[in-house]
Amino acid sequence: MKTAFILLISVLTSALLFGQNKGVITGTVKDKNLQDLLIGVVITLQNEKDTLKTRTDIDGKFKIEASVGKYNLETYYLGYEVYNKYNIN
């Protein structure tokens with residue numbers, strides 16, 4: 001089983017959208033050793049109120065819009081270990 005993802009999380013940007021505070025998490029997922037972009041990686045963003053999911057696109061990129069707050073991020077891809085990043089603001 002492959003053991004590593006590289007998860008490049010860009011900016012967590014706060015913006016005022018539709019009268020609510022929203023943030024956007026974007027990133028790119030690559031194989032750590034081969035540097036190949038990974039297509040279809042499941043990205044889950046979760047806190048005590050919300051669970052949001054998306055998948056990486058053909059370029060290995062993802063984007064999740066969420067209410068501002070602290071979240072845990074998890075990536076899942078068949079054949080790789082699950083990657084977690086905790087307390088993302």
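Values reported hereafter were calculated over all heavy atoms of this structure, with side chains retained and with hydrogens, waters and symmetry mates removed.
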Can you give me every donor-acceptor pair (side chain of residues 55-63, partner residue at least two apart or in another chain, under 3.5 Å) with its distance?
from, atom 1, to, atom 2, distance (Å)
Arg55, NH1, Gly40, O, 3.0
Thr56, OG1, Leu38, O, 2.8
Thr56, OG1, Gly40, N, 2.9
Thr56, OG1, Val41, N, 2.9
Asp57, OD1, Asp59, N, 2.8
Asp57, OD1, Gly60, N, 3.2
Asp57, OD1, Lys61, N, 2.9

Pairwise distance CG(Asn47) to NZ(Lys70) - rounded to 0.5 angstrom: 11.5 Å
Spacing of CG belonging to Leu52 relative to CD1 belonging to Ile25, to within rounding of 0.5 Å: 9.0 Å
Inter-residue atom distance Glu74.CD - Thr44.OG1, 0.5 Å rounding: 5.5 Å
Inter-residue atom distance Ile43.CD1 - Thr75.OG1, 0.5 Å rounding: 5.5 Å
Exam field: side chain Asn72 to backbone Asn87, donor-acceptor pair closer than 3.5 Å: yes
Flag side-chain contact, heavy atom, 4.5 Å: Asp31 against Tyr80: yes
CG on Leu45 to CD1 on Ile88, rounded to 0.5 Å: 6.5 Å
From Tyr71 atom OH to Gln46 atom CD, the distance as rounded to the nearest 0.5 Å: 10.5 Å
Side-chain heavy-atom pair Asn84, Val82 within 4.5 angstrom cut-off: yes
Closest non-hydrogen atom pair between Leu37 and Lys30, with its separation: CD2-CG, 3.7 Å
Shared-cluster residues of Tyr86, by chain and number - hydrophobic side chains joined below 4.5 Å: none
